[in-house]
Amino acid sequence: MPWFGMDIGGTLCKLVYFEPKDIPKCEMTSEVETLKNIRRYLTKNSAYGKTGHRDTHLQMDNVIIRGITGTLHFIRFPTSEMKNFLALAKYKGMATLVTTVCATGGGAYKFEEDFKREVNMKLAKFDEFDSLLKGLQYIDKNNPTECYYWANPTDESKCAKVKYDFSRPYPFLIVNIGSGVSVLAVYSATNYKRISGTSIGGGTFLGLCCLLTGCNTFEEAIELAAEGDHTHVDKLVRDIYGGDYERFGLPGDLVASSFGQMNSRERRSKVSRQDLARATLVTITNNIGSIARMCAIQEKIERVVFIGNFLRVNPIAMKLLAYAMDYWSKGTMKALFLEHEGYFGAVGCLLQFHEDLKS
Ligand SMILES: Nc1ncnc2c1ncn2[C@@H]1O[C@H](COP(=O)(O)OP(=O)(O)O)[C@@H](O)[C@H]1O
Ligand SMILES: CC(C)(COP(=O)(O)O)[C@@H](O)C(=O)NCCC(=O)O
């Protein structure tokens with residue numbers, strides 16, 4: 001089963017399946033029926049059980065891996081559902097196939113024994129950042145509309161996604177916003193280092209939002225945030241200065257203290273779930289933007305690529321990051337985004353596996 005790449009993260013498991021256009025010769029064996037059934041199941045559905053989803057809008061047709069043309073399918077499910085995933089894989093006959101699956105992310109280590117025990121699968125493990133970088137470069141090369149930025153991020157009427165030519169990318173910063181956040185400085189296709197990170201990431205947003213609003217899913221949290229007003233929760237510069245703090249260029253509508261109004265019982269009684277969700281989103285996003293900017297200054301890098309599933313269905317965060325990077329760098333830094341935001345690790349480990357097979 002060399003056509004799967006899995007990135008088993010702290011929150012979501014990303015599964016990429018490469019469907020060859022022509023059935024490879026190696027499939028012309030007794031295993032063929034099982035493989036056919038698995039392929040049919042994956043490609044004919046877009047939902048698997050209660051929690052698995054195929055992101056059909058991200059599907060990539062006619063891509064080539066190790067000389068074979070095919071389609072890349074992008075599937076995700078919560079890592080907490082791994083037991084059910086393995087049970088389903090067993091039910092679909094995976095345990096009868098002598099097989100190796102390419103895997104990356106922390107779960108490739110954590111669940112290695114479970115894969116062996118439950119479905120007789122060996123994991124070919126790859127480092128998550130090597131995989132991320134490889135996948136990112138491959139997908140950007142194969143999808144002409146992969147990379148974009150937000151023009152006029154603060155003006156809803158003029159705000160728009162604009163395609164960005166990322167064919168000469170180096171050097172650039174990657175800010176991967178998953179459960180936690182990792183910052184990588186990338187100097188060439190193979191030369192990169194992890195320069196920073198923060199535990200205040202996508203997992204923090206979702207965890208705090210669930211605590212504060214009683215919501216249960218990321219989608220719900222984002223919907224609430226879209227309806228909320230963070231200025232009911234945060235203390236702004238103007239709440240402290242009565243206007244701008246001119247001497248040091250701090251505008252009145254800048255957040256001076258995230259959640260700074262919530263010490264007041266009266267204000268707490270007026271705040272809505274929507275306001276709390278929005279303030280949580282703004283707090284986490286601005287903090288990540290601030291760390292990204294400091295890393296970019298330290299490394300003397302101007303282009304910052306934000307990825308990770310925190311940005312899924314999350315234009316509010318993307319626009320905030322776009323605005324913050326531009327405003328605080330006085331236009332010298334650019335926030336870039338990628339369509340396949342959370343899937344690069346899964347694609348990259350699949351590619352690495354096939355490169356190793358070639359050599
Ligand atoms: N359907 C979802 N379920 C849970 N979290 C989601 C979902 N969609 C987006 N997210 C956000 O994405 C984050 C996980 O991002 P991801 O890049 O997959 O990281 P990880 O590899 O740590 O799982 C979550 O913490 C949450 O903020
Ligand atoms: C440990 C991790 C690399 C795991 O990746 P993730 O599953 O969050 O995508 C990431 O959560 C991280 O970099 N956390 C921040 C650690 C720190 O630098 O404080």
Side-chain angles (χ1 to χ4, degrees), residues 5-16 46-55 57-58 74-82 85 103-111 125-133 135-136 173-185 192-211 213 215-225 277 280-285 287-288 291-292 294-295 305-318 321 337-349:
M6 284 187 109
D7 176 1
I8 313 174
T11 307
L12 293 175
C13 178
K14 283 72 65 178
L15 175 68
V16 162
S46 59
Y48 314 97
K50 281 198 181 103
T51 56
H53 295 275
R54 182 157 62 93
D55 285 313
H57 65 290
L58 295 179
F74 298 88
I75 296 162
R76 63 186 152 84
F77 62 87
T79 304
S80 56
E81 294 291 319
M82 188 55 78
F85 169 78
T104 189
Y109 298 84
K110 185 176 167 187
F111 296 108
K125 300 194 292 302
F126 296 92
D127 175 79
E128 68 172 290
F129 297 127
D130 287 352
S131 301
L132 190 85
L133 197 53
L136 189 155
L173 220 62
I174 296 180
V175 180
N176 184 35
I177 319 177
S179 307
V181 182
S182 280
V183 184
L184 312 179
Y192 75 91
K193 56 183 184 186
R194 183 182 184 278
I195 55 168
S196 190
T198 169
S199 61
I200 300 177
T204 321
F205 164 67
L206 189 51
L208 285 179
C209 237
C210 291
L211 276 175
T213 71
C215 73
N216 284 302
T217 66
F218 181 76
E219 287 75 8
E220 211 187 322
I222 293 295
E223 274 166 33
L224 284 171
T280 309
L281 187 55
V282 170
T283 299
I284 304 293
T285 306
N287 190 56
I288 294 168
I291 291 168
M294 286 188 282
C295 290
V305 181
F306 291 94
I307 57 172
N309 276 319
F310 171 66
L311 300 173
R312 232 195 97 240
V313 294
N314 195 355
I316 299 171
M318 287 193 274
L321 289 168
F337 302 92
L338 298 170
E339 295 288 355
H340 290 80
E341 55 233 338
Y343 281 109
F344 301 112
V347 173
C349 73

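As the structure lists them, so they are numbered: ligands from 1, and atoms in each ligand from 1. Note that this is a predicted model, so its numbers are computed, not measured.
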Verdict with reasoning, Thr11 to Asn309, per side-chain contact (heavy atoms from CB on, under 4.5 Å): CA-CA 10 Å; Thr11 307; Asn309 276 319; over 6 Å; no

Heteroatom proximity flag, Gly180 to ligand 2, N/O under 3.5 Å: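 Such a contact does occur with ligand 2.
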
Polar atom proximity, Arg194 to ligand 2 (N or O, under 3.5 Å):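 Yes, at least one N or O pair falls under 3.5 Å.
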
Partner of Glu128 by side-chain contact (heavy atoms from CB on, under 4.5 Å), out of Thr104, Ile8, Leu133: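 Passing option: Thr104.
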
For Phe74, the option from His53, His57, His340 that meets side-chain contact (heavy atoms from CB on, under 4.5 Å):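 Testing Phe74 for a side-chain contact (heavy atoms from CB on, under 4.5 Å) against His53, His57, His340 leaves exactly one candidate, His340.
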
Closest protein heavy atom (residue, atom, distance) for atom 6 (P) of ligand 2: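 The answer is Ser179 N, 4.3 Å.
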
May I have the N/O to N/O pairs between ligand 1 and the protein that fall below 3.5 Å, each with atom names and distance to one decimal?
unit_1: ligand 1; atom_1: 1 (N); unit_2: Glu219; atom_2: OE2; d: 3.4
unit_1: ligand 1; atom_1: 1 (N); unit_2: Arg312; atom_2: NH1; d: 3.4
unit_1: ligand 1; atom_1: 8 (N); unit_2: Arg312; atom_2: NH1; d: 2.6
unit_1: ligand 1; atom_1: 12 (O); unit_2: Asn309; atom_2: O; d: 3.3
unit_1: ligand 1; atom_1: 12 (O); unit_2: Phe310; atom_2: N; d: 3.2
unit_1: ligand 1; atom_1: 17 (O); unit_2: Asn309; atom_2: N; d: 3.0
unit_1: ligand 1; atom_1: 18 (O); unit_2: Lys14; atom_2: NZ; d: 2.8
unit_1: ligand 1; atom_1: 18 (O); unit_2: Asn309; atom_2: ND2; d: 2.9
unit_1: ligand 1; atom_1: 19 (O); unit_2: Ser179; atom_2: N; d: 3.4
unit_1: ligand 1; atom_1: 21 (O); unit_2: Lys14; atom_2: NZ; d: 2.8
unit_1: ligand 1; atom_1: 22 (O); unit_2: Gly10; atom_2: N; d: 3.1
unit_1: ligand 1; atom_1: 22 (O); unit_2: Ser179; atom_2: N; d: 3.0
unit_1: ligand 1; atom_1: 22 (O); unit_2: Ser179; atom_2: OG; d: 2.5
unit_1: ligand 1; atom_1: 23 (O); unit_2: Gly10; atom_2: N; d: 3.4
unit_1: ligand 1; atom_1: 23 (O); unit_2: Thr11; atom_2: N; d: 2.8
unit_1: ligand 1; atom_1: 23 (O); unit_2: Leu12; atom_2: N; d: 2.8
unit_1: ligand 1; atom_1: 23 (O); unit_2: Leu12; atom_2: O; d: 3.4
unit_1: ligand 1; atom_1: 23 (O); unit_2: Lys14; atom_2: NZ; d: 3.4
unit_1: ligand 1; atom_1: 25 (O); unit_2: Gly202; atom_2: O; d: 3.2
unit_1: ligand 1; atom_1: 25 (O); unit_2: Gly203; atom_2: N; d: 3.0
unit_1: ligand 1; atom_1: 27 (O); unit_2: Gly202; atom_2: O; d: 2.9

Region of Val181 engaging ligand 2 - heavy atom pairs below 4.0 Å: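 For Val181, the contact with ligand 2 is made by the backbone alone.
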
Exercise check, heavy-atom protein proximity under 4.0 Å to atom 16 (C) of ligand 2: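 Neighbour list for atom 16 (C) of ligand 2 includes protein heavy atoms (cut-off 4.0 Å).
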
Minimum heavy-atom distance Phe126-Ser131, with the two atoms named: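 Smallest interatomic distance, heavy atoms only, reads CB-OG, 3.6 Å.
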
Contact with ligand 2 for Ser199, non-hydrogen, under 4.0 angstrom: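 Contact check Ser199 vs ligand 2: positive.
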
Phe306 and Phe337 aromatic ring geometry - parallel, tilted or perpendicular at 30°/60° bounds: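 If you compare the ring of Phe337 with that of Phe306, the planes turn out parallel.
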
Atom indices of ligand 2 within 4.0 angstrom of Ser182 heavy atoms, with elements: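 That gives atoms 3 (C), 12 (C), 13 (O) of ligand 2.
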
Numbering as shown, the atoms of ligand 2 that approach Gly10 to under 4.0 Å (heavy-atom distance):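 In order of numbering, the contacting atoms are 7 (O).
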
Residues which pass ring pair (Phe, Tyr, Trp, His ring centres under 6.0 Å) with Phe344, listed by chain and number, not counting sequence neighbours: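 Applying ring pair (Phe, Tyr, Trp, His ring centres under 6.0 Å) to Phe344 gives none.
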
Sequence-distant partners of Tyr48, ring pair (Phe, Tyr, Trp, His ring centres under 6.0 Å), two or more places apart: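 Ring pair (Phe, Tyr, Trp, His ring centres under 6.0 Å) check on Tyr48 returns Tyr41.
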
Residue pairs fulfilling side chain to side chain donor-acceptor pair (under 3.5 Å) with at least one residue in residues 194-205, sequence neighbours excluded: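 Non-adjacent pairs meeting side chain to side chain donor-acceptor pair (under 3.5 Å): Ser182-Arg194.
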
Ring centres under 6.0 angstrom apart (Phe129, Tyr192):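 Between Phe129 and Tyr192, the centre distance exceeds or equals 6.0 Å.
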
